[in-house]
2 protein chains.
Amino acid sequence: MTEKLKISRTDDAYERLRAEIRTNSLSPGYQAPEAEYAMRLGMSRTPVREALIRLEAEGLVELKPRRGARVLPIKAEDMQEIYELLKAIEPEAAAELAQRGLEDADRRALQKALDGMRVALAAKDLDAWAKADDQYHVSLLEAAGNQRRKAFVMHLYDQAHRARIITLRLREMPEKSTEEHAQILDLLCRGEADKVRVVFREHRERAARELLGILDTFRLQQL
Amino acid sequence: MTEKLKISRTDDAYERLRAEIRTNSLSPGYQAPEAEYAMRLGMSRTPVREALIRLEAEGLVELKPRRGARVLPIKAEDMQEIYELLKAIEPEAAAELAQRGLEDADRRALQKALDGMRVALAAKDLDAWAKADDQYHVSLLEAAGNQRRKAFVMHLYDQAHRARIITLRLREMPEKSTEEHAQILDLLCRGEADKVRVVFREHRERAARELLGILDTFRLQQL
DNA sequence: GAACGCGTCAATGTATGCATTAAAAAATTT
DNA sequence: AAATTTTTTAATGCATACATTGACGCGTTC
C-alpha cells in the first residue's frame with residue numbers, strides 16, 4: 001500500500017531535473033532548448049517548461065530567452081553568498097529552538113541523524129555521511145519551526161549540494177564536523193540558546209572557510 | 001526614450017498580478033480558476049499559468065489542483081515567521097556592510113531614502129513613508145551585496161507588504177522608526193559593525209512586537 | 001577585411017483543443 | 001432523511017500548432 005497517488009508530468013519533470021542537477025548527472029553549464037529536455041523526459045514541452053520555471057525560481061537553472069535552459073554552475077562567490085546566509089539563519093534557528101526547548105521526537109530525530117553521521121564516518125562512506133548531515137540540518141529546521149525558513153534553507157542546500165559533495169572528497173574525513181554536530185545537539189538539549197548560537201555560527205564559519213579554501217587550492221572555478 | 005523593450009505576456013501577467021496582490025486590489029483569499037484570471041488579463045491561460053507558478057514559488061499564491069489559484073492571506077503566524085527571518089538576516093547584512101565600509105554612492109542612496117522618510121513623516125504621508133522605508137532597506141541590501149539575500153528578503157517584503165500598509169494606519173506616526181533608521185545609517189558610516197547589528201536587530205524586534213500587537217488588538221486574524 | 005544587410009532557421013511564446021478527473025449535483029436506495 | 005451511487009459539470013494537465021523573432025551565416029558593399 002505504497003502512497004502512489006498519481007504525479008503530474010510537471011512534477012515528475014521537476015523532480016527528475018532537480019535530481020539530475022543535484023547529482024551532477026546534468027553538468028553545470030549544460031544548456032539545451034526546451035524541446036530537448038522534453039524529448040529526454042519523454043513528454044511535451046508544456047510540463048517541462050513549467051518545471052523549468054520552478055527550477056529557475058529556486059536558483060538551479062537559468063532560462064535564457066531563445067537560447068534554452070542552462071544549468072547554473074556554482075562559483076566560489078555563490079558559495080560565499082550561500083554560507084553567508086546560512087551563517088545568519090541557522091544559528092538563529094538553533095538558538096530559538098534551544099530557548100523553547102525541544103520535543104522528545106525532535107531530539108530523537110537529531111540523535112538519529114547524528115548516529116548516522118558517526119556510522120558513516122566509521123565506514124568512511126562519504127555519501128552516507130552527507131545524507132545524514134543533511135538529515136540533521138533538516139530535522140533541526142523542522143524542529144525549530146518556520147516553514148519559510150525551512151524552505152529557503154533547503155533551496156540553498158540544493159544550490160550548494162554539488163559543491164559540497166565534490167569538496168567532501170577532497171579533504172580528510174569530517175570528524176571535526178561530526179563532533180560539532182554532537183556538541184550542538186547537546187547544547188540544544190540543555191537549552192543553552194546563546195551558546196548554541198555561537199557554536200553553530202563557528203561551525204558554519206569553519207565549514208565555509210574550508211570549502212572555499214578547497215575551491216581555491218584545487219582551482220575549482222565553478223562546479 | 002522610455003525603456004520599452006517588449007515584455008512577454010507571462011511577465012506582464014506576473015507583474016500585474018503581483019501588483020494587484022500587493023495593493024490588496026486582489027483580496028487575500030480570493031480564489032478563481034485559471035480561465036478567469038486569463039480573461040481578466042486578456043490573454044490565454046498559458047502565460048497566466050506560468051505567472052501563477054512563479055507567484056506560487058514566491059509565496060503569494062497557492063495553486064490548488066482543480067480549485068483554482070488562491071491569493072494567500074497573511075496571518076499573524078506568517079508575520080511572525082517573516083520577522084523572525086528578517087531579524088536574523090538584515091542585521092547581519094548591515095554588520096557586514098559596516099565592516100567592509102560603505103561606498104559613497106551607497107551612503108547617498110541610504111541618506112536619500114532617509115530624507116524621504118523624514119519628508120513623508122512631516123507631511124504625514126504614510127504611503128510615501130512606506131515607500132521610502134522600502135527604499136532604505138533595498139538600498140542597504142544592495143550595498144551589502146549578496147544577490148540571494150536581496151532576492152529572498154524582497155520576497156519576504158512582498159508577502160508582508162499588505163499587512164504593513166494596513167497596520168501602518170492603525171498606529172501613531174512612525175517617528176521612532178525613522179530615527180532608528182537614522183541611527184543605523186550613522187553607525188554604518190562609522191563602521192560600527194557590532195553596534196549596528198544590535199541596533200538593527202532591536203529595530204526589527206520592536207517592529208515585530210508592534211505589528212503583532214496591532215493585529216491582536218484589532219482582531220485582525222488575516223490580511 | 002570590416003561593416004552592413006538580408007534570408008534562413010530554430011526556438012520560443014502563446015493560443016487552442018481535448019482527454020481526464022475531481023467535485024458537485026442528481027438520483028436512487030435504505 | 002441519511003447514505004450511497006450515478007451522472008453531470010467544470011477545471012486542469014498536457015499535447016499540439018503556429019506566428020513571431022532573435023541568432024546566425026552569407027553575400028555585398030565600402
Side-chain angles (χ1 to χ4, degrees), chain A residues 1-21 25-73, chain B residues 1-21 25-73:
Chain A
M1 227 165 282
T2 32
E3 269 299 329
K4 193 167 187 173
L5 63 160
K6 193 153 29 132
I7 204 96
S8 72
R9 289 212 205 299
T10 300
D11 288 346
D12 184 42
Y14 169 79
E15 301 290 1
R16 284 164 66 186
L17 289 174
R18 173 171 173 275
E20 288 189 300
I21 292 172
S25 133
L26 219 51
S27 342
Y30 177 77
Q31 189 169 26
E34 290 172 6
E36 186 175 315
Y37 288 97
M39 195 165 52
R40 281 204 315 116
L41 296 172
M43 58 183 78
S44 83
R45 273 176 53 218
T46 310
V48 173
R49 208 159 198 280
E50 296 182 353
L52 288 172
I53 290 171
R54 288 183 53 192
L55 291 167
E56 179 174 46
E58 291 168 11
L60 291 181
V61 142
E62 181 185 14
L63 254 29
K64 322 182 84 172
R66 314 236 157 242
R67 332 213 57 192
R70 195 168 86 103
V71 176
L72 281 173
Chain B
M1 223 164 270
T2 32
E3 268 299 327
K4 194 168 186 173
L5 63 161
K6 193 152 25 127
I7 203 94
S8 73
R9 289 209 205 298
T10 300
D11 289 346
D12 184 42
Y14 169 78
E15 302 290 2
R16 284 164 65 186
L17 289 174
R18 173 172 173 275
E20 288 189 299
I21 292 171
S25 131
L26 219 49
S27 341
Y30 176 78
Q31 189 170 27
E34 291 171 3
E36 186 174 314
Y37 287 97
M39 196 165 52
R40 281 205 315 115
L41 296 172
M43 58 183 79
S44 84
R45 273 175 55 219
T46 309
V48 173
R49 208 159 198 279
E50 297 183 351
L52 288 172
I53 289 171
R54 289 183 54 191
L55 291 166
E56 179 175 46
E58 290 167 14
L60 292 180
V61 143
E62 181 186 14
L63 254 29
K64 323 182 83 173
R66 314 237 157 241
R67 331 213 60 192
R70 195 169 87 102
V71 177
L72 281 174

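In what follows, every heavy atom counts, from backbone to side chain, and hydrogens, waters and symmetry copies are set aside. We name chains A, B, ... by the order of the sequence lines, and we start the count at 1 in each one. Predicted model only: the values in this text are computed from it and were never measured.
Here the P atom of nucleotide D/dG13 and the CG atom of A/Asp12 are 14 Å apart, to the nearest Å. Rounded to whole Å, the distance from CD on A/Gln31 to C1' on C/dT12 is 14 Å. Look at CD on B/Glu36: it is 15 Å from C1' on D/dT12, rounded to the nearest Å. Regarding A/Glu62, its CD atom lies at a distance of 14 Å from the P atom of C/dT12, rounded to whole Å. For the pair A/Glu50 CD and C/dT12 P, the computed distance is 15 Å after rounding to whole Å. Atoms CZ (A/Arg9) and P (C/dT20) sit 11 Å apart, rounded to a whole Å. Atom CE in A/Met39 sits roughly 18 Å away from atom C1' in D/dC14 (whole-Å rounding). Look at CD1 on B/Ile7: it is 20 Å from P on D/dT20, rounded to the nearest Å.
Nearest-nucleotide positions on DNA chain D for B/Ala32 and A/Pro65 put B/Ala32 closer to the 5' end. Both A/Ala35 and B/Gly42 lie near DNA chain C, and the one whose nearest nucleotide falls closer to the 5' end is A/Ala35.
Proximity of A/Arg49 to the phosphate of D/dA15: no side-chain N or O atom is located under 4.0 Å from OP1 or OP2. Contact check, B/Arg66 against D/dT9: no side-chain N or O comes under 4.0 Å of OP1 or OP2. For C/dT14, neither phosphate oxygen OP1 nor OP2 lies less than 4.0 angstrom from any side-chain nitrogen or oxygen of B/Thr46. Distances shorter than 4.0 Å separate some side-chain N or O of A/Thr10 from OP1 or OP2 on D/dC14.
In summary, B/Asp11 and B/Arg18 do not engage in a salt bridge, as defined by a charged side-chain N under 4.0 Å from a carboxylate O.
Judged purely by atom type and a 3.5 angstrom limit, B/Glu50 has no side-chain atom pairing as donor or acceptor with the backbone of B/Thr10. Panel note: side chain A/Tyr37, backbone A/Ala69; a donor-acceptor pair is recorded below 3.5 Å.
Taking every side-chain heavy atom of A/Arg45 into account, C/dT14 is the closest of C/dA24, D/dC14, C/dT14. Proximity note for B/Ser44 (side chain, C-beta onward) versus D/dA15, C/dT16, D/dG13: the nearest is C/dT16.
Among the protein residues, B/Glu34 comes within range of the sugar-phosphate backbone only, with heavy atoms under 4.0 Å from sugar or phosphate atoms but none that close to a base.
The minimum heavy-atom distance linking B/Met43 with B/Ala13 is given by the pair SD-CB, 3.9 Å. Pairing each heavy atom of A/Glu34 with each of A/Val48, the nearest pair is O-CG1, 4.3 Å.
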